[in-house]
Amino acid sequence: MPAANAMIEKNYQPADIESRMSLVWEDARAFSAGRPDRRDAEPFTIVIPPPNVTGSLHMGHALNNTLQDILCRFERMRGRDVLWQPGTDHAGIATQMVVERQLMERQQPSRREMGREKFLARVWEWKDESGGTIINQLKRLGASCDWSRERFTMDEGLSKAVVKVFVELHRAGLIYKDKRLVNWDPKLLTAISDLEVQQVELKGNLWYLRYPLEGRTFSPDDPTSFIVVATTRPETMLGDTAVAVHPDDERYQHLIGKRVILPLVGREIPIVADTYSDPEKGTGAVKITPAHDFNDFEVGRRHGLAQISVLDKEACLNLVGNEDYMRDLPEGSEEFAREFHGIERFAARKKIVERLETFGFLERIEPNTHMVPHGDRSGVVIEPYLTDQWYVDAKTLAQPAIAAVRSGTTTFVPKNWEKTYFDWMENIQPWCISRQLWWGHQIPAWYGPDGKVFVAETEEEAVGHAIGYYVEQEVITPEQGREMALDRNKRAGFITRDEDVLDTWFSSALWPFSTLGWPDDAPEVKRYYPTNVLVTGFDIIFFWVARMMMMGLHFMGEVPFSTVYIHALVRDEKGAKMSKSKGNVIDPLALIDEYGADALRFTLAAMAAQGRDIKLSSQRVEGYRNFATKLWNACRFAEMNDCAMPDGFDAAKAKETLNRWIAHEAAAATREVTEAIEAYRFNDAAGAIYRFVWNVYCDWYLELAKPVLTGPESRAKAETQAMVAWARDEILKLLHPFMPFITEALWETTARRDGLLALTPWPHRTDVPTVEEIAALSAASFADPLVPPLLISFDAASFKDEAAEAEIGWVVDLVTAIRSVRAEMNIPPATLMPLVLVGTSAETKERAPRWTDVIKRLARLSDISFADGAPEGSAQLVVRGEVAALPLKGVVDLAAERARLTKEIAKADADIERVDKKLGNPNFVAKAAEEVVEEEREKREAALARKAKFQEALARLAGVG
RNA sequence: GGGCACGUAGCUCAGCGGGAGAGCACUACCUUGACAUGGUAGGGGUCACAGGUUCGAUCCCUGUCGUGCCCACCA
């Protein structure tokens, strides 16, 4: 047997251990996918939700990656070929904003001054500079990703995937360009998708405006000379092209088809009948501004109304030189246009309302609270804006993605998130994917001289298409076409590339296969796709999960993952979502520095109950740091007592009751932990291992083993030494997914030194499966080839041992009861007392001598003896139906003991009463399950017996007193 | 307006159709030969409220109140 390594240090120092273990794992390439020893193993794949490349680790990342790591380490120990695919995201808007802000702070030329090429070089510089931060932070957390496979969404390979996907979807008609209203961010000067819009409740006003009827002399005092419309956005009235009323609204029947004169502007616009108009809202007549409101846009389409955009991209009034606006305006309109041109939207609102009021067009103002769209990045009010953008036909792509979840090919955990998924997917809107940014994947579309679009994977290809097209259209001669095709210079500038880039989520949607090497014919794609589980927060179900489902199914023909585990959001103390812009983030690195990564990880796992958000407290982290210390010291204890397993040691053959008991308990813990992780009940798994380590192994097993370990050499001692080491190793294995650093370090110091704990087989379940479990498992492995029966097999040798459980249980109960009485009687620990076991059964008589030393030590006793009756004036306790007596004469006052016994009797009475009430109910006896009734009867018997024993004790005491 | 959660010990949270749990905090005692980042014992909750189903409800159903989140184009 190899000699033990260096002794365990006196104090547990997370920082030292963690940096050292990281190196050990790295050197061993422990986390590499496709390790030679796992070539034939079933793969297990998770793709990391790629964090922003220039970001840093926040608590949400810490939780998300801890859970993924638990799954990966668990499956790795279960023998799977694990690929945890890491990488980062280019985060278009966020990153571009950061760099722009930097430029401003350093008073360097702005983005536009620099130009696209230089600016992009600058962003790449920033990426290279700060891109490693979050990766290193993930490593500090202990994330067991295959770091050799790290990817970035703007890597060459992934960019290739993006282009291919764009081109193919375009070819299939699933990507198209359209001029329609988009959510426009007037600060960032880009379109954004619906999902990037946050509705914020704001206090505003409802302005009631009088629109004069054509052919009438307008007078504010004559209600028949105008129609009143209500609006929350008076400034858009300049772009009104109709007033709509409900076709059935009697108040306005006579006005349908008439025209009104748009105040200030002078334009004549029709009154149309449209069911969009709600007679209950406002005045029942609503102004229609197709170019500035999504609903009005639709109304406008139905009625063939003009779309007059009166704002520019920065949301300032754009009137002068605006052909749409100036068309069909009366004489003298230019003056108004000049006066208001260029005014910013909110200033314009104020000014227009004032002007309307001056001329009597403003009827009244009503305070009104309503939801106003804001950009989630810029925070400014979003403007519906009429522009050309690229769209994905999400509705079509969504159908297979909906079906896959309906059929259970992909399942959500917890299940209720499927409803959220369906609700969104079934009402999905076209996805606007173009962004007027520079940082990102530039759209592979080129425009010819007349604006004709050519979508292709490369510029060369696009040029080819363009030449062919224009030759055919006889715009250029075949001769010119040939020359251009052959000579690079001759075709320069013939086509120009679309300047826009794609929404970052477009590339993220490809992540589960683009990272594996698609579209190249990489073996990894075949081996690791589809992935097994996606772990993420619910906030990106729409942004990311849904889109990966759509893209994965369309391009790979298979779902990207079979399980989507949705975990809680880590919120701040007020329950608000943490975000960088709000500045309410808790820094996980600070907690790691203070308590260690293991403690933080364990805390997050322990709090990761399904369906509940997490509000983190550092006290909890401290508590789990203490847990790590406890484990550390238990291992030190084992080492100090020369606990090690001899070669070929078989725990199943242990003879000592105590050792059989710990094997039994370890098996139960193994089962609990394993089943909980399999079911994604991380908190239950953490709880189970916590209790086993602290409340079973440390509190009782080691304490009960001490007399043997410190006693003379014997067969029992040797066995116990081996079993202490065996149980410790089981603990290290079970705890490793949660606390990888400390367990690996302790494994290195104490175990057999023939390999890393991270690659050591997970403990087999050694309890006996129930018939139902066997049936369920065989059904599962039959139905799902991904569940190899071998991985969940049961060890033939059972550690289940009811006899050992009963015997050790008796010792534990006895010691606990004595301690309790001592405390209640205020007997100082220094006082050693004798214990008398009264009228003991043969079983107890046989058992007791084996535990004399232990009980004496743990219960602070001087001596244990047997008697037929309790000595005079003794405190009596009832343990598992038998009496134990502590002679108290002269030690405590008997009145206190009398009070105690009276209390015990009252407790027993309460129990009896409750049970009697149940058993006295004929309906209960008739209808309740048989075993439940039987249980109640047993409870009654036990309570009665207990009461009798205490009553006897009380009587005896009275006789003395 | 629609949807989803949640309301359990002082705090943070588990749990659950048949005698209310954990961590921290609190109280008392203990420097016992792994550990004071520890040990032992203990106090503390009509499980938000009101109905209903049930032999039995903290748990299932309905409603009320309160809190949070998500979705929605309503003047």
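Here is how names work: the chains are called A, B, and so on, in the same order as the sequence lines, proteins then strands, and each is numbered from 1. We use all heavy atoms of the structure for the numbers below, so side chains are in, but hydrogens, waters and symmetry mates are not.
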What is the nucleic acid contact for [X], judged by heavy atoms within less than 4.0 Å: base, sugar-phosphate only, or nothing?
| X | value |
| --- | --- |
| A:Lys419 | sugar-phosphate |
| A:Glu703 | base |
| A:Arg819 | sugar-phosphate |
| A:Gly284 | base |
| A:Phe627 | nothing |
| A:Thr816 | sugar-phosphate |
| A:Glu824 | nothing |
| A:Ala628 | nothing |
| A:Trp694 | sugar-phosphate |
| A:Cys698 | base |
| A:Asp911 | base |

In whole Å, what separates the [atom1] atom of [N] from that of [M]?
| N | M | atom1 | value |
| --- | --- | --- | --- |
| B:G18 | B:A41 | C1' | 30 Å |
| B:C65 | B:G51 | C1' | 15 Å |
| B:G66 | B:G10 | P | 23 Å |
| B:G52 | B:A22 | P | 34 Å |

Is [N] paired to anything, Watson-Crick or G-U wobble with both distances less than 3.5 Å, and if yes, which nucleotide?
| N | answer |
| --- | --- |
| B:A28 | B:U40 |
| B:U54 | none |
| B:G1 | B:C71 |

Open item on the list: Between A:Tyr690 and A:Leu206, which residue's closest nucleotide on RNA chain B lies nearer the 5′ terminus?
Closed with: A:Tyr690
Open item on the list: Return whichever of A:Thr283 or A:Asn923 has its heavy-atom-nearest nucleotide of RNA chain B closer to the 5' end.
Closed with: A:Asn923
Anything under 30° is parallel, anything over 60° is perpendicular, the rest tilted; go ahead and classify [X] against [Y].
| X | Y | answer |
| --- | --- | --- |
| A:Tyr624 | A:Phe602 | tilted |
| A:Tyr12 | A:Trp632 | tilted |
| A:Phe627 | A:Trp694 | parallel |

Closest listed nucleotide, where the reference is the side chain of [X] and the choices are [options]:
| X | options | answer |
| --- | --- | --- |
| A:Val932 | B:G39, B:C73, B:G18 | B:G18 |
| A:Pro829 | B:C29, B:G15, B:G18 | B:C29 |
| A:Asp684 | B:G19, B:A14, B:G38 | B:A14 |
| A:Glu936 | B:G18, B:A72, B:C35 | B:G18 |

Task: CD1-OG1 distance between A:Ile541 and A:Thr420, expressed to the nearest 0.5 angstrom - done: 5.5 Å
Open item on the list: Does any part of the side chain of A:Asp853, heavy atoms only, come nearer than 4.5 Å to the side chain of A:Val708, both counted from C-beta?
Closed with: no
TODO: Figure out the CD/P separation between A:Glu622 and B:A22, and round it to whole Å.
DONE: 20 Å
- [ ] Give a yes/no answer on whether the side chain of A:Lys907 brings an N or O atom under 4.0 Å of OP1 or OP2 in B:G19.
- [x] no
TODO: Confirm from the modelled atom types if A:Arg914 and B:G19 form a donor-acceptor pair under 3.5 Å, side chain to base only.
DONE: yes
- [ ] Could you point out which residue of A:Arg940, A:Lys947, A:Lys939, A:Arg946 forms a salt bridge (charged side-chain N to carboxylate O under 4.0 Å, His left out) with A:Asp911?
- [x] A:Arg946
Open item on the list: Looking only at the aromatic ring of each residue, does the gap between the centers of A:Tyr385 and A:Trp184 stay below 6.0 angstrom?
Closed with: yes
